[in-house]
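Take a look at the structure below.
Numbered from 1 within each chain, the chains take letters A, B, ... in sequence-line order.
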2 protein chains.
Amino acid sequence: MRGMSIGELAGASGVRTDTVRYYERIGLLAMAARTEAGYRSYGSEDLARLRFIRRAKSLGFSLEDIRRLLDLQGNDASTAGDVLALTRQRIEVLQNQIADLAAIEAALANLARDCPPDAPASDCPILAHLAGLHRFKMGVPRSPIMSRKD
Amino acid sequence: MRGMSIGELAGASGVRTDTVRYYERIGLLAMAARTEAGYRSYGSEDLARLRFIRRAKSLGFSLEDIRRLLDLQGNDASTAGDVLALTRQRIEVLQNQIADLAAIEAALANLARDCPPDAPASDCPILAHLAGLHRFKMGVPRSPIMSRKD
DNA sequence: CTTGACCTTGCACCCGGCTCCAAGGTGCAA
DNA sequence: TTGCACCTTGGAGCCGGGTGCAAGGTCAAG
């Protein structure tokens with residue numbers, strides 16, 4: 001596949017032409033070779049690089065991380081340990097994100113569990129929680145009628 | 001707390017003054033009352049509203065969702081079920097996000113597990129995966145020297 | 001009266017990762 | 001030759017959620 005146009009490259013790699021140009025602009029792809037007419041011209045190694053980017057993106061790596069990974073790939077002095085370090089960092093971030101989201105989800109699920117759908121919003125424990133009224137955990141206050149002397 | 005300044009409100013609610021003005025601009029807070037000099041002046045209900053926003057934000061609600069929650073809170077016709085619906089939506093999004101991140105994390109952990117840190121990057125299974133070379137699952141190719149006639 | 005901390009406004013800018021547009025040039029088929 | 005699809009460039013706009021800044025007004029302490 002010598003001399004693909006940007007459209008062919010984009011089609012073959014599953015990104016848009018604008019995105020290819022964007023990647024070139026930010027230095028993620030090298031400046032493309034040009035035809036006489038000034039059209040960008042790509043070879044199979046460009047396609048491989050774009051596919052690499054797409055796969056890395058699907059694993060949640062940022063373009064900045066991907067740039068580093070590509071540097072490691074192209075640098076004879078780098079080791080698998082270097083790649084592993086980036087990967088471990090990414091895993092750690094993921095674990096933290098998952099933990100944060102799971103904590104939020106648990107909190108919401110907890111609130112949702114005790115929410116009586118047919119009650120007026122003013123009795124909604126979710127709104128109560130958001131309003132900062134976690135004092136009354138829940139349930140009917142025992143004999144509110146009796147608690148005159150509070 | 002009648003007639004707090006924007007700075008006092010911000011201090012008491014844990015957001016910045018700029019953010020308070022921003023919330024006013026996007027309609028999340030009502031236009032504040034003004035002093036004769038044109039300074040914004042807040043009461044305790046504004047503080048409560050800002051704290052509501054902060055708590056909802058910490059549960060990952062978007063400002064748009066928060067606006068809806070506040071509308072529900074202020075609307076006598078709304079029910080706890082309305083709040084619950086928003087909450088369930090949010091929970092569903094969270095569960096999807098968690099599942100996506102967990103899948104990525106598992107994939108990365110899987111790749112990281114088999115990565116020999118001291119090998120050159122060219123032998124890194126992570127890079128190999130990103131390059132799309134999942135053909136050779138791993139291990140030494142059996143007798144590469146013998147495979148002359150492939 | 002001055003200093004300094006606060007307040008006002010409007011507007012621009014940031015992050016990441018694109019996406020779209022207009023105005024013009026090129027390549028190929030009917 | 002005409003038409004259409006593709007290519008080029010520079011630049012702007014989008015998303016959400018703010019942040020920063022400059023030029024000016026206000027207020028309280030010393």
Kindly give the atom pairs (protein nitrogen or oxygen, nucleotide nitrogen or oxygen) under 3.5 Å for nucleotides 5-9 of chain D.
from: D/dC7; atom 1: OP1; to: A/Ser5; atom 2: OG; distance (Å): 2.9
from: D/dC7; atom 1: OP1; to: A/Gly7; atom 2: N; distance (Å): 2.6
from: D/dT8; atom 1: OP1; to: A/Arg40; atom 2: N; distance (Å): 2.6
from: D/dT8; atom 1: OP1; to: A/Arg40; atom 2: NH1; distance (Å): 3.0
from: D/dT8; atom 1: OP2; to: A/Arg21; atom 2: NE; distance (Å): 3.2
from: D/dT8; atom 1: OP2; to: A/Arg21; atom 2: NH2; distance (Å): 2.9
from: D/dT8; atom 1: OP2; to: A/Arg40; atom 2: NH1; distance (Å): 3.4
from: D/dT8; atom 1: O3'; to: A/Arg34; atom 2: NH1; distance (Å): 3.4
from: D/dT9; atom 1: OP1; to: A/Arg34; atom 2: NH1; distance (Å): 3.3
from: D/dT9; atom 1: OP1; to: A/Arg34; atom 2: NH2; distance (Å): 3.0
from: D/dT9; atom 1: OP2; to: A/Arg40; atom 2: NH1; distance (Å): 2.8
from: D/dT9; atom 1: OP2; to: A/Arg40; atom 2: NH2; distance (Å): 2.7

> Could you give the CG-to-C1' distance, from A/Leu28 to C/dG17, as a whole number of Å?
Replying inline: 11 Å
> In whole angstroms, how far is the C1' atom of C/dG17 from the CG atom of A/Leu29?
Replying inline: 14 Å
> Which comes earlier along DNA chain D counting from the 5' end, the contact point of B/Glu36 or that of B/Glu64, where each point is its nearest nucleotide?
Replying inline: B/Glu64
> Does any non-hydrogen side-chain atom of B/Phe52 lie less than 4.5 Å from one of B/Gln73?
Replying inline: yes
> Base, sugar-phosphate alone, or nothing: which one does B/Thr35 contact when heavy atoms must sit under 4.0 Å apart?
Replying inline: nothing
>> Just to verify, what does B/Arg40 make a salt bridge (charged side-chain N to carboxylate O under 4.0 Å, His left out) with, not counting sequence neighbours?
In response: B/Glu24
> B/Arg49: what forms a salt bridge (charged side-chain N to carboxylate O under 4.0 Å, His left out) with it, not counting sequence neighbours?
Replying inline: none
> Nearest 0.5 Å, what's the NZ-CG distance between A/Lys57 and A/Leu63?
Replying inline: 7.0 Å
>> Whole angstroms only, please: what is the OH-C1' distance between B/Tyr42 and C/dT8?
In response: 12 Å
> More than 12 non-hydrogen atoms from neighbouring residues, nucleotides or ligands closer than 6.0 Å to CD on A/Glu64, yes or no?
Replying inline: yes
> Would you call A/Asp71-A/Arg68 a salt bridge at under 4.0 Å N-O?
Replying inline: no
> Could you state the CD1-P distance from A/Ile66 to C/dG16, rounded to the nearest angstrom?
Replying inline: 13 Å
>> Given B/Ile126, which partner from the list B/Leu111, B/Asp114, B/Asn110 fulfils the side-chain contact (heavy atoms from CB on, under 4.5 Å) test?
In response: B/Leu111
>> Restricting to non-hydrogen atoms, name the atom on B/Ala107 and the atom on A/Leu59 that form the minimum distance, rounded to 0.1 Å.
In response: CB-CD2, 4.1 Å
> B/Arg67 CZ to D/dG18 P: how many Å, rounded?
Replying inline: 13 Å
> A/Leu127 versus A/Leu133: any side-chain heavy-atom pair under 4.5 Å?
Replying inline: no
>> Counting only heavy atoms not in A/Arg54 (residues, nucleotides, ligands), do more than 12 fall under 6.0 Å from its CZ?
In response: no
> More than 12 non-hydrogen atoms from neighbouring residues, nucleotides or ligands closer than 6.0 Å to CZ on A/Arg55, yes or no?
Replying inline: yes
> Below 4.0 angstrom from OP1 or OP2 of D/dG18, is there any side-chain N or O of B/Tyr23?
Replying inline: yes
>> Please list, in numerical order, the residues of residues 87-103 of chain A that have a heavy atom closer than 4.0 Å to any atom of DNA chain C.
In response: none
> Considering every strand shown, what is the Watson-Crick or G-U wobble mate of C/dA30 when both distances are under 3.5 Å?
Replying inline: D/dT1
>> Expressed as a whole number of angstroms, how long is the span from B/Tyr22:OH to D/dC21:C1'?
In response: 18 Å
> Looking at residues at least two apart in the chain, or sitting in another chain, which of them share a side chain to side chain contact (heavy atoms under 4.5 Å, CB included) with B/Arg90?
Replying inline: A/Leu108, B/Phe61, B/Asp65, B/Val93, B/Leu94
> According to a strict under-4.0 Å criterion, is B/Lys57 in side-chain N/O contact with OP1 or OP2 of D/dG18?
Replying inline: yes
> Nearest to the side chain of A/Arg16, which nucleotide is it out of C/dC20, D/dG20, D/dG18?
Replying inline: C/dC20
> Which whole-number value in Å describes the distance from B/Ile53 CD1 to D/dG18 C1'?
Replying inline: 13 Å
Is there any protein nitrogen or oxygen under 3.5 Å from a nitrogen or oxygen in nucleotides 10-12 of chain C, and what are the pairs?
none

> Between C/dC18 atom P and A/Leu50 atom CG, what is the distance in whole Å?
Replying inline: 11 Å
